[in-house]
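A quick note: this is a predicted structure, and the numbers were derived from the prediction, not measured. All values below were derived from every heavy atom in this structure, side-chain atoms included, with hydrogens, water molecules and symmetry-related copies excluded.
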2 protein chains.
Amino acid sequence: MGKYTCGLDAAIAVMGGKWKGLILFALQDGPVRFGELRRAVPGISERMLILQLREMEASGLVHCEVYHQVPPKVEYSLTGFGHSLNTAMAPLGEWGEEHMERIEALP
Amino acid sequence: MGKYTCGLDAAIAVMGGKWKGLILFALQDGPVRFGELRRAVPGISERMLILQLREMEASGLVHCEVYHQVPPKVEYSLTGFGHSLNTAMAPLGEWGEEHMERIEALP
DNA sequence: CTGTATCCGAAATGATACTG
DNA sequence: CAGTATCATTTCGGATACAG
């Protein structure tokens, strides 16, 4: 007895909420440091970014590499699994671009 | 000054939450009655289904056709806009199918 | 720089009962 | 059949302060 009724259901559960897709997108070109990532996802709070990253690590989408330096440096990157999800979401991003005007006009 | 930072951001805003994608999917093959739709989206409550449908109507994704009969009959269907979004989400559904086992195993 | 901890208000969702 | 109304609860998310 699966938790999910179909592939779409499962996919939505994994990339839930309003942030994970954008984080995936921001990481698609290689490792990004925490502060950089924060700027790359406008509007997200420090707290939410950490929470989402931790969930994405737990899901196996994201890898976290810690450099024990002073000052600290931490880089986040996509796993193969994360890349595959990001690829699957690309058409959604294109759809959003194409219909941006219409979407902006919504209430 | 747009509300959205990129196409993906806009798309996520439109199909937000955990239900809209599944409703889109359930409507992809033609008009569906309310009760039918409810059964097609397992786990959704009557209340949430209505709320989501109203939002999707407001976004122009869904059309609602009311037949003034006794007993009442109401059919929901996708607009062209809704179909285009459903198409853009198809790869996500396939991704979910492919990785279902792994996703099911997550905490 | 990269986090953690706490608090609090807002929003999402579920349960239940009721209506035309 | 297709909704509405109301209430309770759960989750989300922002602000702030603090720590290694």
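In this structure, A:G30 and A:V32 approach most closely via the heavy-atom pair O-CG2, 3.3 Å. Nearest approach of B:H99 to A:S84, heavy atoms of both residues: NE2-OG, 3.9 Å.
Looking at B:V41, B:V62, B:I23 one by one, the single match for side chain to side chain contact (heavy atoms under 4.5 Å, CB included) with B:Q52 turns out to be B:I23.
Taking atom CG of residue B:L51 and atom C1' of nucleotide C:dA12, one finds them 10 Å apart after rounding to whole Å. Taking atom CD of residue B:E75 and atom C1' of nucleotide D:dA2, one finds them 13 Å apart after rounding to whole Å. One atom, NZ of A:K20, and another, P of D:dG13, lie 9 Å apart when rounded to the nearest Å. One can place CZ of B:R38 at 12 Å from C1' of C:dA15, the figure rounded to the nearest angstrom. If you measure from atom CD1 of B:I44 to atom P of C:dA15, you get 13 Å, rounded to the nearest angstrom. Nucleotide D:dG3 holds its P atom 13 Å from the CD atom of B:E36, rounded to whole Å. Look at CE on A:M48: it is 14 Å from P on D:dT11, rounded to the nearest Å. Protein atom OH of A:Y67 is 13 Å distant from nucleotide atom P of C:dG3, rounded to whole Å.
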- Before giving the answer on side-chain contact (heavy atoms from CB on, under 4.5 Å), spell out for B:I50 and B:F34 the whole-Å C-alpha distance, their side-chain angles and the decisive distance to 0.1 Å. CA-CA 9 Å; B:I50 289 285; B:F34 181 81; 3.4 Å; yes
- What do the steps show when you test B:L37 against B:L53 for side-chain contact (heavy atoms from CB on, under 4.5 Å), and what is the final call? CA-CA 11 Å; B:L37 192 50; B:L53 283 170; 4.0 Å; yes
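A donor-acceptor pair under 3.5 Å is absent between the side-chain atoms of A:T79 and the main chain of A:H63, judged by distance alone. Formation of a donor-acceptor pair under 3.5 Å by the A:E104 side chain with backbone atoms of B:K3 is found in this model.
At a threshold of 4.0 angstrom between heavy atoms, the contacts of B:Y76 are confined to the sugar-phosphate backbone, with no base atom among them.
Between the axis at the start and the axis at the end of the helix from C:dC1-D:dG20 to C:dG20-D:dC1 there is an angle of 50°, using five pairs per end and rounding to 10 degrees.
Under 4.0 angstrom from either OP1 or OP2 of D:dG14 there lies at least one side-chain N or O belonging to A:S45.
In this structure, the nucleotide among D:dA2, D:dG20, D:dG14 sitting nearest to the side chain of B:R33 is D:dA2. The nucleotide whose nearest atom lies closest to any side-chain atom of B:V74 is, among D:dA2, C:dT2, D:dG14, D:dA2. Of the candidates C:dG14, D:dG13, C:dC1, the closest approach to any side-chain atom of A:P72 belongs to C:dC1.
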What protein N or O atoms touch nucleotides 4-11 of chain C N or O atoms at under 3.5 angstrom, if any, and at what distances?
unit_1 : atom_1 : unit_2 : atom_2 : d
C:dT6  : O4     : A:R47  : NH1    : 3.4

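By the 6.0 Å and 45° rule, A:R102 stacks over the aromatic ring of B:F81.
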Could you tabulate the donor-acceptor pairs under 3.5 Å formed by side-chain atoms of residues 5-17 of chain B, not counting sequence neighbours?
unit_1 : atom_1 : unit_2 : atom_2 : d
B:T5   : OG1    : B:D9   : OD2    : 3.1
B:D9   : OD2    : B:T5   : N      : 3.0

